[in-house]
2 protein chains.
Amino acid sequence: MARRTKQEADETREALLDAAEHVFLERGVARASLDEIARFAGCTRGAVHWHFGDKLGLFLALDERLVLLQDEVKRRICDGETTPPLEHIARAITTSLTELENDPRRRRLLTIMLQRCEYVAEMAPALLRRRQADAAIRATLRDSFCRAAERGELSPEWPPERAALFLQALISGFLNEWLRGEADFTLAGEVCAAVRGFLSCTAVRPLS
Amino acid sequence: MARRTKQEADETREALLDAAEHVFLERGVARASLDEIARFAGCTRGAVHWHFGDKLGLFLALDERLVLLQDEVKRRICDGETTPPLEHIARAITTSLTELENDPRRRRLLTIMLQRCEYVAEMAPALLRRRQADAAIRATLRDSFCRAAERGELSPEWPPERAALFLQALISGFLNEWLRGEADFTLAGEVCAAVRGFLSCTAVRPLS
DNA sequence: GTAAAGATACCTTCGTGTATGTATATAAAG
DNA sequence: CTTTATATACATACACGAAGGTATCTTTAC
């Protein structure tokens, strides 16, 4: 009913987010009703409006639950820089992709954001977040490729800027296909192999 | 009014599709009302229901207006096979991408289908069409890579199946980034260069 | 007691489907 | 060559439900 402890309130909040995740995925964001979501979470629309204000607020709160692959890869690249740049990129991506593949919640969230919602004006906050993450990972990749070039490990055929753009598009494309659900490949397997295949192309010496 | 000539009826039908294209793009498919679309086309909802039945019918009719890139590339590859396979693939993709870039209507349609609609169950016909096109282009690419392998022109590092998957994901990823609108690259320029870059990697001899 | 946390009730808006009205092109009949 | 009939191509009107916002209770932790 009402004013349970702070922790219980947080639990209902989480339950509402879980419910939204489920209903959004099945019916799409636009067709999902707040009542359906609330009922799925075992409460009423009152709780939704209390915690999130309106539907957009609920959606944006759900969006923030999604850890972006870009951020993870960037974090891993920026952390410990022991191995050679290209190898380091490959490992960061491999680890991040594997983690993503083993996290069904993230997959569901990604599916919602990419296939179950319409990006009109009011969704701007969610889009902005992805835009910034894209720009950040792009810069990070470019830096790594630059350092590889300085060490004489990058083929002159692949200027850092182009290599970074290529890699970003490649992963984005694979991710999209993977999310369709009919994919006959795995992230940890074929996609990581493809990434390493590309990085080998950009290297003057083969990757270890 | 009523019962104009057959040609006039077709014109209103086209006008309605144009209007739907415009309104869907601006407001998203779910939030667009049939009344808004009809009014934008200079008629009323009566015309919409007459020509398309309901909103889903309108959407699917609009979807069929979109010539898929996959189909174009496939057609170009299957047509005249004079040059070596890898070079032939590169040219087919280059031509198709350039054509797409110069057709703003196709870009708008693609944007609607990828960013302005929610793929729930009833959208299945549109999804199925893309699925089949994906499968077809994939098979076509694989065949071409196979023939390149038979001619000794394909690097053993790249089995045909993997190369085809890679290429498909790469283009799909670039297309998605391009549709975002903030792309700092062009299809005819950077993307074609990237495709040729990849194909060069798969070749034992450099492309011409 | 009071304010947080949520339930309930009410109202209003919007959009769709459907049913029906209506004018005209076209073809058949005379 | 008219007249008549009918299917076509819409416009208009209505009815209905679904969904969201807001306001008002209710409960309980502190």
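Below, chains carry the letters A, B, ... as their sequence lines are ordered, and counting in each starts from 1.
Rounded to whole Å, atom P of dT8(C) lies 17 Å from atom CG of Leu34(A). Atom CG in Leu16(B) sits roughly 13 Å away from atom C1' in dA11(D) (whole-Å rounding). Note: CD1 (Ile37(B)) to C1' (dC10(D)) measures 17 Å, nearest angstrom. Between the C1' atom of dA5(C) and the CZ atom of Phe52(A) lies a distance of 13 Å, rounded to the nearest Å. dT22(C) atom C1' lies 14 Å from atom CH2 of Trp50(B), rounded to whole Å. dC10(C) atom C1' lies 13 Å from atom NE2 of His49(A), rounded to whole Å. Look at CG on Asp35(A): it is 12 Å from C1' on dA7(C), rounded to the nearest Å. Separating the NE2 atom of His51(B) from the C1' atom of dC10(D) is a distance of 8 Å, rounded to the nearest angstrom.
Residue Arg27(A) is in sugar-phosphate contact alone, with no base atom involved, counting any heavy-atom pair closer than 4.0 Å across all strands shown. Within the 4.0 angstrom heavy-atom criterion, only backbone atoms of the sugar-phosphate kind lie near Ser33(A); the bases stay farther away. Counting any heavy atom pair closer than 4.0 Å across all strands shown, Ala32(B) reaches sugar-phosphate atoms only and no base atom.
For Lys55(A) and dA19(D), the shortest distance from a side-chain N or O to OP1 or OP2 is not below 4.0 Å. Contact between the side-chain N/O atoms of Thr12(A) and the OP1/OP2 oxygens of dA5(C) is not found at any separation under 4.0 Å.
Using a 4.5 Å cut-off on side-chain heavy atoms (C-beta onward), Glu14(A) and Asp10(A) make no contact. Between Thr202(B) and Phe166(B) there is no side-chain heavy-atom pair separated by less than 4.5 Å.
Side-chain atoms of Arg45(B) come within donor-acceptor range of the base of dG17(C), with a qualifying N/O pair under 3.5 Å.
A cation-pi arrangement is not found for Arg45(A) relative to Trp50(A), the charged atom failing to lie both closer than 6.0 Å to the ring centre and inside a 45° cone about the ring normal.
Checked against Ser96(B) for a side-chain hydrogen bond (donor to acceptor under 3.5 Å, both in side chains), the options Arg76(B), Arg75(B), Lys74(B) give a single hit: Arg76(B). Remark: of the listed residues Val195(A), Val73(A), Leu199(A), Thr83(A), Leu199(A) is the sole one forming a side chain to side chain contact (heavy atoms under 4.5 Å, CB included) with Ile89(A).
Annotation: of the two residues near DNA chain D, Gly46(A) and Glu36(A), the 5′-most nearest-nucleotide partner is Glu36(A).
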